[in-house]
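A short write-up of the structure that comes next.
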Amino acid sequence: MSDYNAEDVRNIALVGHAGAGKTTLVEALLAATGVIAAPGSVARGTTVCDYDPLEKEYKHSLDVGITSFNTNAKHVNLLDTPGFPDFLGRSISMLAAVETAAVVINAQTGIERVTQRMMTVAKDRQLCCLIIVNKIDAEGVNLEGLTTQIRDTFGPECLPINLPADGGKRVVDCFFQPSGAATDFSNVAEAHARIIDQVVEVDEDLMEIYLEQGQELQPEQLHDPFEKALREGHLIPICYVSAETGAGIPELLEILVRLMPNPSEGNPPA
């Protein structure tokens, strides 16, 4: 950790209702970055964050689990917060330690009570927010309908930054590579355009280049205004994963290390 400067650090809290798959998502990220050889299981009591005997017995988190990983020359600190309403105070208190609240939503159950509460608190504290829709490969899920529900509930600034494909078996990036294969709903070009339109609104010079001059913008041009949009609550990216199968995990890692803010950049005062 001492080898990393502040700009190379990401502090992220995974929040959301119980059963959203936060702890399983941590396992997938740790495995993908080589911290552990293979993902552990909540059901078997072999996860990194749910190490307490009672957590293993009850098969859900009772306290905040803290872990980290290194990838692409960045150090990411992850806080895995409990999702039952009884532990809401503990989860809320952890938001003081992070720059980003990653709100995990179960694609099968949709937006639930704790999800709504944690999003409200994160916005009130002017944290950057990221929405992670998990279990995208579950039978019978309606990801297009859920995405509409997310935008209706949390605002039109919530926009997909990638899209599920092949029935949730994989994910297609819509930001770094603005053209790609068919997706399960919407399309890459439309999603990319919406993200760009939202980002350039916080940068007048970039807006002029994009709208008036008609130039195609590259990801490196969008980096700073993207982070500004995040910090100002003008953009809340939605990404899609299956923590069980690993679908969307590489794309999520790209978002976490390349687009989420670091401690040196800070957020507006609450």
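If you chain together ILVMFWY residues whose side-chain heavy atoms come under 4.5 Å of each other, Val172 ends up grouped with Val188.
With 3.5 Å as the limit, one finds a donor-acceptor pair spanning the side chains of Ser61 and Thr23.
Of the possible donor and acceptor atoms, one in the side chain of Thr81 sits under 3.5 Å from a partner among the backbone N and O of Leu14. The backbone N or O of Gln108 sits nowhere less than 3.5 Å from a side-chain atom of Lys135 that would complete a donor-acceptor pair. Between the side chain of Glu208 and the backbone N or O of Asp205, no donor-acceptor pair lies under 3.5 Å. Side chain of Arg90 to backbone of Pro82: no donor-acceptor contact under 3.5 angstrom is found. With hydrogens and angles ignored, the 3.5 Å screen pairs a side-chain donor or acceptor of Lys22 with a backbone N or O of Gly16. The backbone N or O of Ser41 lies less than 3.5 Å from a partner atom in the side chain of Thr46, making a donor-acceptor pair.
Within a 6.0 Å radius of CD in Gln116, more than 12 heavy atoms belonging to other residues, nucleotides or ligands are found. The environment of Gln177 atom CD is sparse: at most 12 non-hydrogen atoms of other residues, nucleotides or ligands sit within 6.0 angstrom. For CD of Glu220, the number of neighbouring non-hydrogen atoms (other residues, nucleotides, ligands) closer than 6.0 Å is greater than 12.
Residue Leu253 holds its CG atom at 7.0 Å from CD1 of Ile249, rounded to the nearest 0.5 Å. Within the model, atoms SG of Cys174 and NE2 of His192 stand 9.0 Å from one another, a figure rounded to the nearest 0.5 Å. The CG atom of Leu252 lies 8.5 Å from the CG atom of Asn162; values are rounded to the nearest 0.5 Å. Within the model, atoms OG1 of Thr100 and CD1 of Ile255 stand 11.5 Å from one another, a figure rounded to the nearest 0.5 Å. To the nearest 0.5 Å, atom CG of residue Asp137 and atom OH of residue Tyr240 are 14.5 Å apart. The distance from the CD1 atom of Ile111 to the CG atom of Asn106 is 12.0 Å, given to the nearest 0.5 Å.
A search for side chain to side chain donor-acceptor pair (under 3.5 Å) contacts involving Asn134 returns nothing, not counting sequence neighbours. Residues forming a side chain to side chain donor-acceptor pair (under 3.5 Å) with Ser91 (at least two apart in sequence, or on another chain): none. In terms of the salt bridge (charged side-chain N to carboxylate O under 4.0 Å, His left out) criterion, Arg117 has no residue partners (sequence neighbours excluded). Listed by chain and number, the residues in a side chain to side chain donor-acceptor pair (under 3.5 Å) with Thr153 amount to none (sequence neighbours excluded). Annotation: side chain to side chain donor-acceptor pair (under 3.5 Å) contacts of Glu112 (sequence neighbours excluded): Thr109. Scored by the salt bridge (charged side-chain N to carboxylate O under 4.0 Å, His left out) test, Glu254 finds Arg258 as partners (sequence neighbours excluded).
Pairs passing the salt bridge (Lys or Arg N to Asp or Glu O under 4.0 Å) check and including a residue from residues 166-188, sequence neighbours excluded, read Asp166-Arg170. Judged as a salt bridge (Lys or Arg N to Asp or Glu O under 4.0 Å), the pairs with a partner in residues 141-165 (not counting sequence neighbours) are, in order, Lys123-Glu157. Screening residues 187-203 for salt bridge (Lys or Arg N to Asp or Glu O under 4.0 Å), with sequence neighbours left out, gives Glu190-Arg194. Residue pairs meeting the ring-ring contact (aromatic ring centres under 6.0 Å, His included) criterion with at least one partner in residues 163-182, sequence neighbours excluded, are Phe175-Phe226.
A heavy-atom distance below 4.5 Å is found between the side chains of Val199 and Leu235. Contact annotation: the side chain of Ile136 never approaches that of Val241 to less than 4.5 Å [non-hydrogen atoms, C-beta and beyond]. The closest side-chain heavy-atom distance from Val9 to Asn77 is below 4.5 Å. Looking at Ile238 and Ile161, their side chains never come closer than 4.5 Å, going by heavy atoms from C-beta outward. Counting only heavy atoms from C-beta outward, the side chains of Phe84 and Val114 never approach each other to under 4.5 Å. Counting heavy atoms from C-beta outward, Arg113 and Pro85 have side chains that approach closer than 4.5 Å.
Hydrophobic clustering, with ILVMFWY side chains joined whenever heavy atoms are under 4.5 angstrom apart, keeps Val202 apart from Leu159. Residues Val257 and Leu259 share a hydrophobic cluster, clusters being chains of Ile/Leu/Val/Met/Phe/Trp/Tyr side chains in contact below 4.5 Å. Hydrophobic cluster membership is shared by Ile105 and Val141, with clusters built from Ile, Leu, Val, Met, Phe, Trp and Tyr side chains linked at under 4.5 angstrom.
Scanning both residues, Pro261 and Leu230, for their nearest heavy atoms gives CD-CD1, 4.3 Å. Residues Leu95 and Ala101 approach most closely at CD2-CB, 4.3 Å, considering heavy atoms. Scanning both residues, Val76 and Ile12, for their nearest heavy atoms gives CG1-CD1, 4.1 Å. Residues Asn262 and Ala6 share a closest heavy-atom pair of CB-O, 3.4 Å. Shown here for Ser68 and Val35, the closest heavy-atom pair between the two residues is O-CG2, 3.8 Å.
When Asp8, Asn5, Asn11, Asn70 are each tested for a side-chain hydrogen bond (donor to acceptor under 3.5 Å, both in side chains) with His75, only one passes: Asn70. When Thr147, Ile131, Val103 are each tested for a side chain to side chain contact (heavy atoms under 4.5 Å, CB included) with Cys158, only one passes: Ile131.
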_Trace of the side-chain contact (heavy atoms from CB on, under 4.5 Å) decision for Glu251 with Cys239_ = CA-CA 8 Å; Glu251 290 80 5; Cys239 57; over 6 Å; no
*Arg231 and Leu127: side-chain contact (heavy atoms from CB on, under 4.5 Å), yes or no, with the steps?*
CA-CA 7 Å; Arg231 293 194 301 274; Leu127 294 176; over 6 Å; no
_Check against side-chain contact (heavy atoms from CB on, under 4.5 Å), Gln198 and Ile195_ = CA-CA 5 Å; Gln198 194 76 3; Ile195 286 279; 5.8 Å; no
*side-chain contact (heavy atoms from CB on, under 4.5 Å) between Arg10 and Glu99: does it pass, once the steps are laid out?*
CA-CA 8 Å; Arg10 307 289 183 268; Glu99 293 77 50; 5.9 Å; no
Considering only distance and modelled atom types, tabulate donor-acceptor pairs under 3.5 Å from the side chains of residues 24-33, sequence neighbours left out.
unit_1, atom_1, unit_2, atom_2, d
Glu27, OE1, Gly40, N, 2.6
Glu27, OE2, Val48, N, 2.6
Thr33, OG1, Leu29, O, 2.8
Thr33, OG1, Leu30, O, 3.3

